[in-house]
Novice: 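Can you keep this structure in mind? I'll have questions shortly.
Per chain, numbering begins at 1; letters A, B, ... match sequence-line order.
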There are 2 protein chains.
Amino acid sequence: MQDLLRNIQIRVNEHIYLKDPESSEIGRKMLNESIGMIHELGIEAFTFKKLATALGTTESTIYRYFENKHNLLVYLLAWYWGWLEYEIVLITMNIEDPAERLQKTIESISDPLKGQLRHDLIDLKLLYEIVIAESPKSFLTKEVDVENEIGFFVNYKRICERIVKNIEEIDSSYPFARTLALTIVQCANQHRFFAMHFPNLTEISPQGTGTGTAVFLTDLVLKSLQNNK
Amino acid sequence: MQDLLRNIQIRVNEHIYLKDPESSEIGRKMLNESIGMIHELGIEAFTFKKLATALGTTESTIYRYFENKHNLLVYLLAWYWGWLEYEIVLITMNIEDPAERLQKTIESISDPLKGQLRHDLIDLKLLYEIVIAESPKSFLTKEVDVENEIGFFVNYKRICERIVKNIEEIDSSYPFARTLALTIVQCANQHRFFAMHFPNLTEISPQGTGTGTAVFLTDLVLKSLQNNK
DNA sequence: CGCGTTTCGATAGTAATACTTTCATAAAAA
DNA sequence: TTTTTATGAAAGTATTACTATCGAAACGCG
């Protein structure tokens with residue numbers, strides 16, 4: 001399975017790019033190299049000029065694929081959410097008990113690298129760290145409503161919806177299924193950031209060792225739902 | 001009380017600014033005007049040049065107060081967290097039951113403008129909206145560790161610690177007091193953003209009407225703690 | 001094989017940003 | 001009154017975030 005899935009295609013909304021970067025060699029290199037650079041420099045210090053130089057090409061080529069670096073970031077994040085949904089589907093398939101399925105989903109979101117799914121082009125470890133450090137910047141902009149309308153965030157929203165349904169299966173009378181689902185997804189990534197940079201603010205340890213986000217979230221969610229029955 | 005407190009001084013860590021903006025007339029105008037502009041333009045499109053023009057001064061003057069616009073943003077957010085702690089202290093004083101105190105704290109964080117505390121210089125409504133839309137950008141940077149060490153985020157951390165203690169009073173055996181406190185503070189602001197821009201992802205309604213964040217968080221937290229007893 | 005189209009690379013250019021420096025002057029403090 | 005401090009004005013720099021143009025290479029198709 002692992003090998004079978006090394007080349008799955010992740011669907012990314014077509015409005016995010018000008019030309020599909022997965023459709024050409026240089027586009028793929030662009031994705032690969034940009035992940036390395038954004039990870040290293042952060043999105044603020046990252047520029048198309050630097051990316052072009054690293055690729056041995058010019059800015060004009062990159063601008064043919066992405067309108068600007070913000071859209072490139074949105075692309076990478078959308079790719080991540082698309083990939084994560086894939087992983088969640090694989091991990092939860094054939095699990096009948098909805099509570100157990102939710103538990104597995106939370107574990108996937110909290111520790112996505114534990115999954116078996118790998119990709120030839122995309123370095124998932126680096127991409128995941130970009131998600132941790134940069135993802136809120138993708139929607140905390142003045143253009144969020146326009147971008148949302150044309151589908152920039154559909155992959156993210158699909159994951160949320162999936163969790164909402166799962167919660168409703170467990171307890172259809174719980175009145176905050178959506179809010180809770182959003183809390184799960186948001187917290188999973190945030191707490192990892194805080195664990196790394198503000199360790200005093202959380203019991204969660206930065207590396208996999210010790211108490212992880214998944215334990216906290218599972219506890220939080222199941223107690224919340226059990227109590228409502 | 002309301003009038004008595006119109007001019008409280010909020011302590012902001014001195015490393016955030018080069019020269020205390022509250023110490024001079026132009027510094028105060030800078031704070032006031034920057035809140036209006038950042039609210040309107042967003043931090044990305046906001047520049048010191050624009051701020052200088054609006055104030056009838058020059059960039060050099062502004063650079064004498066703040067190293068860059070990032071630090072100005074950090075200043076405003078630190079001011080907010082300092083102010084919010086003040087409000088929480090006032091609202092929860094004389095409440096003996098820790099569960100009720102936590103409930104009031106959650107309400108304050110989720111709906112800070114409902115409090116009575118106002119300020120002459122700072123437009124709290126606009127500042128709060130900046131907090132909602134921009135605050136993660138203050139720490140999601142490559143410089144977060146250095147800035148954290150010199151005290152950029154102490155006001156934020158003090159609020160978290162206060163909630164941690166409150167949680168421990170309610171249930172000293174709950175193993176995730178810090179993580180839960182952080183979740184409360186983070187969720188309160190985030191869900192408001194999502195309610196405004198991604199209404200399908202949450203049951204919370206954007207305006208004060210209907211179900212608010214406070215109801216969700218209170219439910220979440222109290223169930224979590226009650227169940228642990 | 002050849003022709004047209006798409007794609008890319010190279011060059012150049014522009015307006016704006018994020019500062020830094022210097023200097024003169026006005027206001028406040030000693 | 002003298003000295004320090006704060007501001008304003010002007011100029012300059014490196015970088016960013018694009019846009020436009022053009023020639024060459026590669027590719028797809030008949």
Novice: Given atom NZ of Lys50(A) and atom P of dA14(D), what is their separation to the nearest angstrom?
Specialist: 16 Å
Novice: Provide, to the nearest angstrom, the distance between the CG atom belonging to Leu18(B) and the C1' atom belonging to dT5(D).
Specialist: 16 Å
Novice: Can you see if the side chain of Thr61(A) gets near the phosphate of dG9(C) - specifically, an N or O under 4.0 Å from OP1 or OP2?
Specialist: yes
Novice: Would you say a side-chain N or O of Thr57(A) is under 4.0 Å from OP1 or OP2 of dG9(C)?
Specialist: yes
Novice: With a non-hydrogen cut-off below 4.0 angstrom, is Phe66(B) in contact with a base, only sugar-phosphate, or nothing?
Specialist: nothing
Novice: Which listed nucleotide (dC19(C), dA18(C), dT16(D)) is nearest to the side chain of Thr47(A)?
Specialist: dT16(D)
Novice: Is there a donor-acceptor contact under 3.5 Å from the side chain of Glu134(A) to the main chain of Gly42(A)?
Specialist: no
Novice: Please indicate whether Lys50(A) has more than 12 foreign heavy atoms, meaning atoms of other residues, nucleotides or ligands, lying under 6.0 Å from its NZ.
Specialist: yes
Novice: In terms of side-chain heavy atoms of Tyr65(B), which of dA17(D), dT7(D), dT11(C) is nearest?
Specialist: dT7(D)
Novice: Is there a side-chain polar atom (N or O) of Ser24(A) under 4.0 Å from OP1 or OP2 of dC8(C)?
Specialist: yes
Novice: Whole Å only: how far is the CD atom of Glu67(B) from the P atom of dA18(C)?
Specialist: 14 Å
Novice: Taking atom P of dA17(D) as reference, at what distance in whole Å does atom CD of Glu44(B) sit?
Specialist: 11 Å
Novice: What's the closest nucleotide to the side chain of Ile26(A) if the choices are dG9(C), dT16(D), dT7(D)?
Specialist: dG9(C)
Novice: Would you please confirm or rule out a distance under 4.0 Å between OP1 or OP2 of dT15(D) and any side-chain N or O of Lys49(A)?
Specialist: no
Novice: Can you classify the ring geometry of Phe194(B) versus His191(B) as parallel (below 30°), tilted (30 to 60°) or perpendicular (above 60°)?
Specialist: tilted
Novice: Could you please name the option among dA6(D), dT7(C), dA18(C) that lies closest to any side-chain atom of Lys19(B)?
Specialist: dA6(D)
Novice: Any idea which of dC18(D), dT7(D), dC22(D) is nearest the Glu59(A) side chain?
Specialist: dC18(D)
Novice: Under 4.0 Å, counting only non-hydrogen atoms across every strand here, what does Ser60(B) touch: a base, just sugar-phosphate, or nothing?
Specialist: base
Novice: What does Tyr63(B) touch in the nucleic acid at a heavy-atom separation under 4.0 angstrom: a base, only the sugar-phosphate, or nothing?
Specialist: base
Novice: Applying side-chain contact (heavy atoms from CB on, under 4.5 Å) to Tyr80(B) and Ile10(B), what does each step give before you reach the verdict?
Specialist: CA-CA 9 Å; Tyr80(B) 173 79; Ile10(B) 305 293; over 6 Å; no
